[in-house]
There are 2 protein chains.
Amino acid sequence: MSKLDESLLTGLPPFSLLERSQIREILDQALPKRYDEGAEIFHEGHDAERFHLLLDGYIRVVKTTEGGEQIIALHISPGQLFGIAPALNRDTYPATAIAASESLALSWPVRLWGEFTTKYPGFATESYSTLGQRLGEMQTRITELATQAVEQRVAAALLRMVTQSGRKVDEGIEIAFPVTRRNISEMTGTTLHTVSRLLSAWEKDGIVHSTRKHIVVTAPHRLVLLSGAQG
Amino acid sequence: MSKLDESLLTGLPPFSLLERSQIREILDQALPKRYDEGAEIFHEGHDAERFHLLLDGYIRVVKTTEGGEQIIALHISPGQLFGIAPALNRDTYPATAIAASESLALSWPVRLWGEFTTKYPGFATESYSTLGQRLGEMQTRITELATQAVEQRVAAALLRMVTQSGRKVDEGIEIAFPVTRRNISEMTGTTLHTVSRLLSAWEKDGIVHSTRKHIVVTAPHRLVLLSGAQG
DNA sequence: GGACCACTTTGTCCTTCAGCAAACTTGCGG
DNA sequence: CCGCAAGTTTGCTGAAGGACAAAGTGGTCC
């Protein structure tokens, strides 16, 4: 593994305001690792031995029910910490992390968590803000699941992915990682069949254009209408 | 308001391990307040000026959708901190808190949050553990909503309330605060009608006994079966 | 180039549960 | 003690969407 460059961390929220030497030190203790699409990074229930920072790619955080069904809890984008069980005094991971696309992540042993939070003021603050945001998102998903119809939930899920990872292409905005119908159904609590039907309908209406594992949203504003209070 | 007694806080997780003089100091800065059933303690979106500790009673934390529907996010029991937006660097409350029964709570201005967390080691740790648990519960609710049928969700909601606040009576275990059918429907994402039908059926089966705003679970084990993978 | 595999599409049926409506019960305030 | 409000029960109907089935379509590996 080649020597890591400091520019990797410079400007990332958790490490902003740090001096070059500090970043060097943090980096020297990091273990970089590449993950293929579909590769597991850590598993629900296992001992939380390391915490992670995603540098490139996208991560799906997944929970499995006793019935064997999977629920996608959230997606991680580059620059975000994940698997930060130590922040909440947990000693096992509460969910499984899987690379949604080919990804690169750094990780540190949990014992460094305490060191980082005390040594670098911004680090703790930033981490807990992240947690706060995630809590808010989960709130939103709960109210969505509790009050909205399937069509609205699927529209909202697409918009969330677009917002988090959308990149401009000439047709519209493309979700930057592979997504299957099944994936979407696991984000919205429905079946892949229903998702397929919805996407087909939207395709016909010119709202989205989707190929095998890729989705381009061509009319985001119409999707917003579908996701909102009334269509 | 009469002088507060130190025994109020002694032994409560957030303040365990503290010396008498420290507890005295904390208590002297606290504002105690009594709330009638249904009274609002703070409102979603308002400036988070204080954080709270529930001493007696039960609090419902509620989120309102644009459509005006309410979703009950969680219940707070005595001894728990709530409205701890500052822990996540939020400056507004993410939800509304309402007394589910007559309640007594202490509160402190948010500026003391930093002081408490730095001065009293156990305080921060304990607070973040609480947050971790809540995050876990929300996860569970999301998977429930996404994968389980209404009957299972309602059974699970009753069990959750029983676990959190159940007190033994001769018929079985009673939920310690008033709960209406509508409340349950707001916890489970269904309608009060459906909840009413379920409770009636369970009453006939001898699983619960419910009066107007009170529920006694007479056969918890059967409820567990209903909430589980298969009924 | 062919075979297999993963993903998708589409059709049909059937259950669950939300929506609507209306009567009933309980408790409280005057 | 009466009237009203809040909470509950119950019936009926219809639509949403899950379950099952089966065929279509890329993509990839040999």
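In what follows, chains are A, B, ... by sequence order, proteins preceding strands, each numbered from 1.
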Atom NE2 of His209(A) and atom P of dT8(C) are separated, to the nearest Å, by 14 Å
So if I take every side-chain heavy atom of Val150(A) and compare against dA21(C), dG17(D), dT10(C), which nucleotide ends up nearest? dG17(D)
For atom CD of Glu69(A) and atom C1' of dA19(D), their distance in whole Å: 13 Å
Between CD1 of Ile184(A) and C1' of dC7(C) the distance, given in whole Å, is 12 Å
When the distance from CD of Glu186(B) to C1' of dG7(D) is rounded to whole Å, what number comes out? 13 Å
salt_bridge(Lys168(B), Asp170(B)) N-O dist < 4.0 Å: no
Rounded to whole Å, the CG-P distance (Leu198(A) to dG18(D)) equals 10 Å
Minimal non-hydrogen separation, Gln80(B) against Ile76(B), with atom names: OE1-CA, 3.4 Å
Identify which nucleotide among dT10(D), dT9(C), dT8(D) has an atom closest to any side-chain atom of Thr180(B), counting heavy atoms from C-beta outward. dT8(D)
More 5' along DNA chain C: Gly189(B) or Glu203(A), using each one's nearest nucleotide? Glu203(A)
Find the distance between CD1 (Ile98(A)) and NE2 (His43(A)) and round it off to the nearest 0.5 Å. 8.5 Å
Reckon Leu192(B) touches a base, only the sugar-phosphate, or nothing at all at heavy-atom distances under 4.0 Å? base
NA contact type, Thr191(A), heavy-atom cut-off 4.0 Å: base, sugar-phosphate, or nothing? sugar-phosphate
What integer distance in Å separates Glu151(A):CD from dG18(D):C1'? 17 Å
Just how far, in rounded Å, is P of dT16(C) from CD of Gln152(B)? 11 Å
Here the distance between atom C1' of dC28(C) and atom CD of Glu37(B), to the nearest Å, is 13 Å
Which part of the nucleic acid, if any, lies within reach of Thr190(A) when heavy atoms closer than 4.0 Å are counted: base, sugar-phosphate only, or nothing? sugar-phosphate
Report yes or no: is there a donor-acceptor pair, N or O only, under 3.5 Å between the side chain of His193(A) and the base of dT8(C)? no
Is the phosphate of dA18(C), meaning OP1 or OP2, less than 4.0 Å from a side-chain N or O of Thr194(B)? yes
Arg197(A) or Arg212(A): which one's nearest nucleotide on DNA chain D is closer to the 5' end? Arg197(A)
So what does Ser196(B) touch, heavy atoms closer than 4.0 Å: a base, only the sugar-phosphate, or nothing? base
Would you say Leu12(B) and Leu53(B) make side-chain contact, with heavy atoms under 4.5 Å? yes
Measuring from atom CG of Leu54(B) to atom CZ of Phe82(B), what distance do you get when rounded to the nearest 0.5 angstrom? 5.5 Å
